Amino acid sequence: MKEKKFKRTTVTAALPYANGPLHIGHIAGAYLPADTYVRYLRLKGEDVVFVCGSDEHGVAITLGAKKEGVSPKQFVDKYHALMKQAFADFGISFDIYARTSNAIHHQTSQDFFRTIDAKQGFIEETSDQYFDEQENIFLADRYIVGTCPNCGNPNAYGDQCEKCGTSLSPRQLINPRSTVSGQAPVLKATKHWYFPLDRFEAWLKEWLVEGHKEDWKVNVYGQCKSWIDQGLQPRSITRDLDWGIPVPRPDAEGKVLYVWFDAPIGYISATRELKGADWEKYWKDPETRLIHFIGKDNIVFHCIIFPCMLKAEGSFILPDNVPANEFLNLEGEKISTSRNHAVWLHEYLAELPGRRDELRYVLNSISPETKDADFTWKDYQQKVNSELVAILGNFVNRVMVLTWKYFDGRVPSAAELANTSEKRARVLSLYQQAHEDLEKSVTEMIAALDGFRFREAQFQLMNMARIGNKFLADTEPWKLAKDDMEAVGAILNYALTVVGNLAIASEPFLPDGSANMLTQLNITARHESHRFWNTHTLVEPVPAGHRLNPASLLYRNVEDAEMEGQVQKLKKPVISTTPMAAESHAPKPLKPEIVFDDFGKIDLRIGTVTAAEKMPKSDKLLKLTVNSGLDVRTILSGIAKHYTPEEMVGKQVTFVANLAPRKMMGIESQGMILMAEDSDGKLRLLQPHEAVMPGASVS
RNA sequence: GGCGAGGUAGCUCAGUUGGUUAGAGCAUCGGAUUCAUAACCCGAAGGUCGGCAGUUCAAAUCUGCUCCUCGCUACCA
């Protein structure tokens with residue numbers, strides 16, 4: 001694609017869902033790269049608006065509120081405040097952090113809906129859906145469980161059975177029940193509106209598949225293309241719920257917009273809230289460049305569905321790029337809120353105060369730009385100590401200390417280093433080399449920023465400090481100080497120039513360190529900064545004769561003791577301190593009461609697994625041969641993700657012996673192995689405390 | 001199961017038309033140095049480029065198969 005000239009840029013960062021605090025995965029995925037990019041654009045002097053806000057609608061909010069015993073409004077108020085504060089404390093420089101429960105957002109979303117409705121209409125469709133009479137809500141698929149018609153798993157979800165992997169619809173479940181109340185739901189007719197995504201297929205092929213083949217990241221493009229190639233279906237955009245944005249139609253009483261429909265419009269309403277009457281040019285002027293920063297789980301929505309919505313509305317511009325990141329793991333495992341396996345942003349800020357740049361630096365240097373990345377505290381400590389402290393911090397410090405030592409804190413003049421001596425000639429040539437290397441790094445850093453390659457950009461920043469260190473080591477001003485102070489002055493003058501350029505260059509990555517450097521240098525450098533970012537060349541922000549402030553350390557080493565606590569916290573995530581995690585730990589609701597006779601019908605036995613193999617073509621099923629004491633039977637169990645066939649052999653298992661046989665993948669399963677399911681979905685065998693005879697009954 | 005993205009030195013990653021001894025930073029080891037937060041600077045060592053097979057004079061790079069990780073698979077937000 002040809003490089004297009006834009007007048008301004010609208011940058012969005014994914015709206016975080018207001019049901020829990022932020023963790024480092026969120027930051028690394030969207031907010032840090034977005035913030036870095038926006039800071040860069042601002043420094044260039046571009047007209048940029050950076051919007052974000054809390055996503056506060058949806059069923060999960062209403063359920064979360066119920067669990068905490070508060071209203072949805074109170075619930076989102078709490079998490080909105082928490083997230084807004086954490087972002088602010090961390091220094092993410094949103095121009096506005098809005099929220100989707102604001103009136104202006106409701107109005108914007110309804111206007112958006114009305115326009116599309118008037119222009120080309122939505123598809124209306126009435127269907128029977130499960131309804132929880134006790135809670136008075138319609139149940140989304142994930143909130144219905146029942147017995148899987150395929151494998152007999154009694155806890156299959158309405159969309160899929162996690163045991164056998166079969167895709168289901170709620171209607172297929174046997175004995176469905178609501179996960180909210182535990183009650184059996186009833187079928188109730190309800191009308192919904194669907195967005196005709198299928199009508200945009202041809203347009204998407206042109207705009208996205210052809211138009212963004214080259215300039216979008218390969219992971220983003222690949223997934224979009226695959227989605228489009230599979231064919232698109234109309235998508236429901238309304239829900240039966242009393243929390244959300246009312247559907248603006250007279251015949252839509254009690255309906256709200258589906259949260260996925262209103263959430264991205266939140267970017268628009270946030271801009272409206274911020275800019276007032278001036279907002280439209282950030283969304284409707286073709287000379288505005290729209291960039292969405294998101295995590296990979298949001299790709300399809302931001303690259304396909306939202307653009308189609310914008311296109312359908314008709315007056316909006318489309319995203320120019322969607323630099324989605326992959327995921328961040330923590331100490332080799334997925335970040336999990338339910339197991340409290342996470343580093344929470346607000347906790348980090350409280351427990352490691354004054355270390356904002358450190359987290360930015362580490363997260364940026366492992367940024368999951370092309371594949372999932374792993375955050376470890378050991379790596380954090382190492383990167384801070386041996387890069388941020390040892391290379392950048394140390395360079396700045398030694399230049400400052402040298403200047404104070406030899407020139408009493410006054411910037412020495414850059415005397416002409418004529419070839420009057422061999423030593424001076426050498427310094428001159430080292431200077432020329434350093435300058436050339438520095439210019440190259442600056443050019444590459446800015447090119448990387450333009451290409452959303454923030455890891456690379458930050459590496460080039462550090463490279464500038466490396467070049468500075470080498471320059472000092474090569475010129476050895478502390479030796480020249482014995483007989484040629486003019487040369488020392490010239491060397492330090494240049495070294496201070498490098499520090500000044502580092503102060504300017506580090507602002508998008510390390511805002512605190514940047515400010516600290518400017519303070520030490522006693523400059524503001526606004527004009528030079530603008531020049532630096534626009535011309536891609538070194539500037540001279542520190543004039544000779546200028547008085548410096550006293551030297552102070554930029555960064556401190558992270559001591560082992562500081563890491564101890566963090567590592568320990570992850571090792572024993574017994575009870576979480578965060579409300580969100582505590583709530584996810586809550587066991588499933590109690591099922592309806594039964595009488596003893598109901599229980600007595602079930603014949604539970606202990607058996608021994610004599611053979612086990614993986615079912616071919618199945619991800620989840622193991623085929624077990626079980627000696628039940630009475631017979632030897634084949635039982636299929638959806639535990640392949642949790643146990644290998646090898647480890648199953650010889651194990652005693654508890655199983656339902658009188659369950660009607662069921663055929664799965666062509667093989668009959670004669671029973672069902674009992675498993676305990678942890679909050680993270682992990683399955684563990686139920687075994688007798690000590691070995692018993694096969695066939696022993698369980699009661 | 002289908003689709004998408006990844007699998008390159010201990011760690012984080014480069015390697016865009018297939019072509020000399022596969023690169024960088026950090027870590028490790030050795031050396032040098034003392035202005036500096038035992039920091040910096042120089043040097044060395046370290047990789048069967050996930051595996052197998054194929055195309056080719058030549059493959060990390062192309063083709064097929066296969067293994068591993070993550071995501072999507074359409075009403076969980």
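Keep in mind that this is a model prediction, so the values were computed, not measured.
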List every contact pair, protein side and nucleotides 9-16 of chain B side both N or O, where the distance is under 3.5 Å.
{"unit_1": "B:U12", "atom_1": "O2'", "unit_2": "A:Ser365", "atom_2": "O", "d": "3.3"}
{"unit_1": "B:C13", "atom_1": "O3'", "unit_2": "A:Arg455", "atom_2": "NH2", "d": "2.8"}
{"unit_1": "B:A14", "atom_1": "OP1", "unit_2": "A:Thr370", "atom_2": "OG1", "d": "3.3"}
{"unit_1": "B:A14", "atom_1": "OP1", "unit_2": "A:Arg455", "atom_2": "NH2", "d": "3.2"}

Integer-rounded Å distance: [N] [atom2] and [X] [atom1]:
X        : N     : atom1 : atom2 : answer
A:Lys217 : B:G71 : NZ    : C1'   : 13 Å
A:Tyr221 : B:G71 : OH    : C1'   : 19 Å
A:Tyr380 : B:A27 : OH    : C1'   : 18 Å
A:Asn219 : B:G6  : CG    : P     : 7 Å
A:His192 : B:A74 : NE2   : C1'   : 16 Å
A:Leu208 : B:G4  : CG    : P     : 15 Å
A:Glu326 : B:U69 : CD    : P     : 16 Å
A:Lys296 : B:C3  : NZ    : C1'   : 14 Å

Using atom [atom1] in both nucleotides, what's the gap between [N] and [M] to the nearest angstrom?
N     : M     : atom1 : answer
B:G71 : B:C49 : C1'   : 25 Å
B:A58 : B:C3  : P     : 32 Å
B:A45 : B:A24 : P     : 12 Å
B:U12 : B:U17 : C1'   : 29 Å
B:A32 : B:C11 : P     : 31 Å
B:U28 : B:C65 : C1'   : 39 Å
B:A22 : B:U37 : C1'   : 36 Å
B:A5  : B:C62 : P     : 13 Å

Using a distance-only test with no angle check, is there a side-chain donor-acceptor pair under 3.5 angstrom linking [X] and [Y]?
X        : Y        : result
A:Ser101 : A:Glu56  : yes
A:Thr190 : A:Gln129 : no
A:His302 : A:Tyr267 : yes
A:Asn219 : A:Gln223 : no

Does [N] have a Watson-Crick or wobble partner in any strand here, with both distances under 3.5 angstrom, and which is it?
N     : value
B:C76 : none
B:C41 : B:G31
B:U56 : none
B:C26 : B:G10
B:G71 : B:C3

Strictly by salt bridge (charged side-chain N to carboxylate O under 4.0 Å, His left out), give each pair with a member in [range] just once, sequence neighbours left out.
range                       : value
residues 486-497 of chain A : A:Arg424-A:Glu486
residues 454-469 of chain A : none
residues 367-381 of chain A : A:Lys296-A:Asp372, A:Asp379-A:Lys383

Identify, with sequence neighbours excluded, every residue that meets salt bridge (Lys or Arg N to Asp or Glu O under 4.0 Å) alongside [X].
X        : answer
A:Arg355 : A:Glu358, A:Glu562
A:Lys440 : none
A:Arg360 : A:Asp35
A:Lys213 : none

Exercise for the section: Using a heavy-atom cut-off of under 4.0 Å over every strand shown, decide if A:Asp55 touches base, sugar-phosphate, or nothing. Expected result: sugar-phosphate

Practice task
Just call it for A:Lys378: base, sugar-phosphate, or nothing, with non-hydrogen atoms closer than 4.0 Å on any strand.
Solution key: nothing

Completion exercise
Reading nucleotides 35-41 of chain B from 5' to 3' and marking B where a protein heavy atom lies under 4.0 Å of the base, S where only the sugar-phosphate is that close, and - otherwise, the string is BBB-SSS

Problem - Phosphate OP1/OP2 of B:C3: any A:Lys225 side-chain N/O under 4.0 Å - result: no

Exercise for the section: Select from A:Trp260 and A:Lys482 the residue whose nearest nucleotide in RNA chain B is closer to the 5' end of that strand. Expected result: A:Lys482

